[in-house]
Amino acid sequence: MSKEVRKELKIIPAQVKVVEHVRYVYTCRQCEKENTKTPVITAKMPKPVMPGSFVSPSLLAFIMDKKYAQAMPLYRQEKQFINFRIDISRQNMANWVLHGSNTWLKLLYDRMHVFLLKKSVLNADETPMQVLDEPGRSAKSKSYMWLYATGINSDKQIFLYDYQPSRANKHPKNFLTGFSGFLQTDGYIGYNAVENVTLIGCFAHARRYFNDALKALPKESIVSKTTAGIGLEYCNKSFKIEKDLKDLKSHKRYEIRLERSKPVLDDYFGLFLILCG
């Protein structure tokens, strides 16, 4: 008559296997009998990830994916491996991660850096971080992770992180040497040192300052009558337009921005030019 189908998700747990690489050594027995020079030939062996270590490419990829894509620290992975009845110390895993990053991923990183600098529009930002055990620096020292990314409509999206011990302007200047185009930032003056670029701002950050100003007002204030309230409303109008355009191609979005966004921005800048005298 018919058939009924019920679907469910099935989880197949990961498997851990010991893979033995065996290679044979060949020699000529007849040569041995005749007391002549005996050739010895050894079969090829796949190169190890790390000489003297049992780590395999799949194991290293598994650990790095867990750590960076799934945010699982090595000490938690250490406990997880115990469930497989495998004792892998976090120190070993840390050494493997460093080896994999410096040996293979750096090649990809450098190549992606080359393509990044060829783009016409880039985004950049930096955020503070703390490194607990860094040679020559106290654990309380503030370091920075810099992020450089292509636009969301780039044919090849690239995101590159660059760790530096400070927020000095020399870091973006050095990293972006060779780039010429539009650089969108949060307005931090350190990016002014980058040469041959056109710096563009971010309305999300501008809106944040308007919002912070409104929060500082007395409760009885009429928000809509304040300069910050007017600025926030202009930002909201612009954001509403961008929300409508997010799924369009860049050229189409540009055309509609000229039609809808430009009048809003012209009024925005015109008003604040008057207010600023």
Side-chain angles (χ1 to χ4, degrees), residues 14-25 42-119 122-137 139 141 143-150 154-166 168 170-179:
Q15 295 181 345
V16 179
K17 297 182 179 181
V18 176
V19 178
E20 293 184 346
H21 296 278
V22 180
R23 63 176 176 177
Y24 293 94
V25 180
T42 303
K44 293 183 178 180
M45 173 74 78
K47 291 185 178 180
V49 173
M50 291 182 66
S53 171
F54 61 83
V55 62
S56 67
S58 60
L59 176 58
L60 180 55
F62 179 85
I63 292 171
M64 296 183 75
D65 174 72
K66 286 283 187 180
K67 177 173 172 59
Y68 295 106
Q70 302 182 41
M72 180 179 286
L74 296 181
Y75 77 90
R76 291 185 180 176
Q77 295 192 51
E78 184 180 37
K79 294 179 179 180
Q80 185 184 57
F81 279 115
I82 293 176
N83 296 331
F84 292 108
R85 299 180 181 178
I86 300 175
D87 183 14
I88 303 179
S89 70
R90 70 191 75 174
Q91 290 81 6
N92 274 341
M93 286 188 279
N95 289 332
W96 296 345
V97 168
L98 289 173
H99 180 79
S101 300
N102 295 328
T103 305
W104 298 295
L105 294 187
K106 187 179 185 304
L107 300 176
L108 295 175
Y109 182 96
D110 292 342
R111 188 59 176 163
M112 292 169 68
H113 192 185
V114 171
F115 282 100
L116 183 87
L117 298 178
K118 293 180 179 180
K119 298 296 182 179
L122 292 181
N123 304 96
D125 198 7
E126 77 292 334
T127 186
M129 63 180 297
Q130 188 177 21
V131 180
L132 298 179
D133 187 12
E134 192 171 19
R137 306 184 73 202
S141 299
S143 302
Y144 284 85
M145 185 65 76
W146 299 73
L147 171 63
Y148 304 91
T150 57
S154 175
D155 55 341
K156 296 178 181 178
Q157 283 194 280
I158 300 174
F159 301 86
L160 295 180
Y161 292 88
D162 182 41
Y163 167 77
Q164 294 294 345
S166 72
K170 63 181 180 180
H171 301 311
K173 180 180 179 180
N174 293 337
F175 193 91
L176 294 175
T177 298
F179 168 69

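Side chains included, hydrogens not; waters and symmetry mates left out as well; all remaining heavy atoms used.
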Looking at [X] and [Y], what are the two nearest heavy atoms and their distance?
{"X": "Ser53", "Y": "Trp96", "result": "OG-NE1, 3.3 Å"}
{"X": "Phe179", "Y": "Lys119", "result": "CE1-O, 2.9 Å"}
{"X": "Arg137", "Y": "Pro165", "result": "NH2-O, 3.0 Å"}
{"X": "Glu134", "Y": "Ser143", "result": "OE1-OG, 3.8 Å"}
{"X": "Ser166", "Y": "Trp146", "result": "O-NE1, 3.4 Å"}
{"X": "Met50", "Y": "Asn95", "result": "SD-O, 4.5 Å"}

Listed by chain and number, what are the salt bridge (Lys or Arg N to Asp or Glu O under 4.0 Å) partners of Lys106, not counting sequence neighbours?
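So Lys106 forms a salt bridge (Lys or Arg N to Asp or Glu O under 4.0 Å) with Asp110.
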Apply salt bridge (Lys or Arg N to Asp or Glu O under 4.0 Å) to Lys173 and list each qualifying residue two or more places apart in sequence or on a separate chain.
Glu195
Side chain to side chain contact (heavy atoms under 4.5 Å, CB included) involving Ala149 - partner list, sequence neighbours excluded
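Applying side chain to side chain contact (heavy atoms under 4.5 Å, CB included) to Ala149 gives Phe159.
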Evaluate the criterion side chain to side chain contact (heavy atoms under 4.5 Å, CB included) for residue pair Tyr148 and Leu117; output intermediate values, then yes/no.
CA-CA 10 Å; Tyr148 304 91; Leu117 298 178; over 6 Å; no
I'd like to check [X] versus [Y] (side-chain heavy atoms, cut-off strictly below 4.5 Å). Are they in contact?
{"X": "Phe62", "Y": "Val16", "value": "no"}
{"X": "Leu147", "Y": "Met145", "value": "no"}
{"X": "Phe115", "Y": "Leu160", "value": "no"}
{"X": "Gln77", "Y": "Leu74", "value": "yes"}

Tell me which pairs pass salt bridge (Lys or Arg N to Asp or Glu O under 4.0 Å) where either residue lies in [range], with sequence neighbours left out.
{"range": "residues 61-79", "result": "Glu78-Arg90"}
{"range": "residues 122-132", "result": "Glu126-Arg167"}
{"range": "residues 43-55", "result": "none"}

[atom1]/[X] to [atom2]/[Y] distance, rounded to the nearest 0.5 angstrom?
{"X": "Met93", "Y": "Phe81", "atom1": "CE", "atom2": "CZ", "value": "6.0 Å"}
{"X": "Ile63", "Y": "Ser58", "atom1": "CD1", "atom2": "OG", "value": "9.5 Å"}
{"X": "Arg23", "Y": "Met45", "atom1": "CZ", "atom2": "CE", "value": "4.5 Å"}
{"X": "Leu59", "Y": "Lys17", "atom1": "CG", "atom2": "NZ", "value": "15.0 Å"}

Between Leu116 and Phe175, does the side chain to side chain contact (heavy atoms under 4.5 Å, CB included) criterion hold? Intermediate values first, please.
CA-CA 10 Å; Leu116 183 87; Phe175 193 91; 3.9 Å; yes
Using modelled atom types and a 3.5 Å cut-off, is there a donor and acceptor pairing between side-chain atoms of Thr177 and backbone atoms of Asn174?
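Yes; judged by distance alone, with no hydrogens or angles, the pair exists.
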Going through the checks in order, is the side chain to side chain contact (heavy atoms under 4.5 Å, CB included) test met by Val55 and His99?
CA-CA 11 Å; Val55 62; His99 180 79; over 6 Å; no
Test side chain to side chain contact (heavy atoms under 4.5 Å, CB included) applied to Phe84 and Gln15, step by step
CA-CA 8 Å; Phe84 292 108; Gln15 295 181 345; over 6 Å; no
